[in-house]
Amino acid sequence: MRRFKSSYWVALVALALPLSQSQAQQCVEADGLNVCAIGEAQLKQLDESKLELHNLGDEGKDGAAISLGQATKWTASFVPLSTDDSQRTTFTAVSDGAKISTATSRREGDGRAISATFTGSGADSTYTVRVYLQGELQGEVAGVRSGQTGVLTQARAVNSPPPCRGYRQSVPACYSQCRAAGFGDCSYCDRECAHAVEFQNHRIERIGACEWTIDNQPSTPVVLTDGTTVEADRIVLLEEIRAAGSYPYLSFEQILLQASGGTAHLGNQTVVRGE
């Protein structure tokens with residue numbers, strides 16, 4: 001009887017372990033991709049595309065892991081809903097199990113500090129920052145060291161209307177705000193701002209060069225590392241490749257998204273896969 005009881009509890013524990021492990025890593029499907037929670041994050045599926053991430057702690061370690069297959073380009077919309085002064089978001093691209101690049105956006109005053117890390121040239125990796133407004137290049141700085149801030153966004157001036165209404169702002173609230181500001185044209189309220197992030201791998205002389213693109217909409221002044229201030233609605237961080245010693249990352253299979261501040265939205269994911 002004692003042997004029976006012992007076997008019973010061993011079997012019960014064996015059954016409980018897979019259950020607890022499955023509960024620890026919650027996974028859902030969105031836009032045809034497998035998305036699993038990281039850390040203490042919890043995922044809520046709002047529709048076939050949009051996910052709401054809950055329980056994002058203050059340390060920026062919680063979020064989601066997105067499985068892509070062998071991808072050469074990934075695009076998504078991502079919006080942190082936190083207004084905390086310390087809010088931080090990091091995207092990490094993974095290839096062959098190695099973290100090959102990150103893009104980090106952290107709140108700094110009324111704006112955000114944006115940086116990237118790259119590994120193609122080892123500890124000496126650098127990257128170029130390019131900023132655009134309506135598709136036109138506004139400024140460029142090369143030689144930014146991997147991990148250092150490449151650009152600072154600033155608060156938008158209130159003396160001119162933005163090109164689109166802010167995220168989660170209703171159309172009536174936008175029109176009310178527009179009239180209160182005295183803008184003559186409030187038609188921008190009919191267009192919600194895009195909030196896209198993109199990672200892709202370029203083939204430069206058969207060597208993989210990583211690139212992050214972050215929408216900055218509505219457009220705001222941004223400050224480059226050389227002190228130049230321009231208006232921009234898109235920020236590009238492009239790895240600078242040195243042929244000698246560079247690892248040929250030509251695809252990636254996963255994106256890790258980690259954020260702080262309670263809640264965030266992820267959606268509209270698209271993937272381009274290599275041949």
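Disulfide status for C27 with C36: present, SG atoms under 2.5 Å apart. Cysteines C174 and C186: SG-SG separation is not under 2.5 Å.
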Could you walk me through whether Q87 and R112 satisfy the side-chain hydrogen bond (donor to acceptor under 3.5 Å, both in side chains) test, starting with their C-alpha distance in whole Å, then the side-chain angles of each, then the deciding distance to 0.1 Å, before giving a yes or no?
CA-CA 9 Å; Q87 199 285 323; R112 304 194 72 85; 2.5 Å; yes

Stepwise side-chain hydrogen bond (donor to acceptor under 3.5 Å, both in side chains) check, E240 with T128
CA-CA 7 Å; E240 296 172 353; T128 294; 2.5 Å; yes

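In this structure, D47 places its CG atom where more than 12 heavy-atom neighbours from other residues, nucleotides or ligands lie under 6.0 Å away. Heavy-atom contacts from other residues, nucleotides or ligands closer than 6.0 Å to CD of Q70 number more than 12. Within 6.0 Å of CG on D58 lie no more than 12 heavy atoms contributed by other residues, nucleotides or ligands. Enclosure of atom CD in E40 is not indicated, since only 12 or fewer non-hydrogen atoms of other residues, nucleotides or ligands lie within 6.0 angstrom. Annotation: R88, atom CZ; neighbour count of heavy atoms from other residues, nucleotides and ligands within 6.0 Å does not exceed 12. Around the CD atom of Q45, the shell of radius 6.0 Å holds more than 12 heavy atoms that belong to other residues, nucleotides or ligands.
The same ILVMFWY cluster, assembled from side-chain heavy atoms under 4.5 Å apart, contains both I255 and V197.
A donor-acceptor pair shorter than 3.5 Å can be found between the side chains of T117 and T102. Side-chain atoms of T220 and Q154 form no donor-acceptor pair, as typed in the model, at a separation below 3.5 Å.
Using a 30° and 60° split on the angle between ring planes, F118 and Y127 fall in the tilted class, from 30° to 60°.
By the salt bridge (charged side-chain N to carboxylate O under 4.0 Å, His left out) test, R234 pairs with no residue at all, sequence neighbours left out. For E52, the salt bridge (charged side-chain N to carboxylate O under 4.0 Å, His left out) criterion is met by no residue, not counting sequence neighbours. Applying the salt bridge (charged side-chain N to carboxylate O under 4.0 Å, His left out) criterion to E253, with sequence neighbours excluded, gives no partner residue.
A centroid separation of less than 6.0 Å is found between the aromatic rings of F252 and F199.
Pairing each heavy atom of P161 with each of D185, the nearest pair is CB-O, 4.3 Å.
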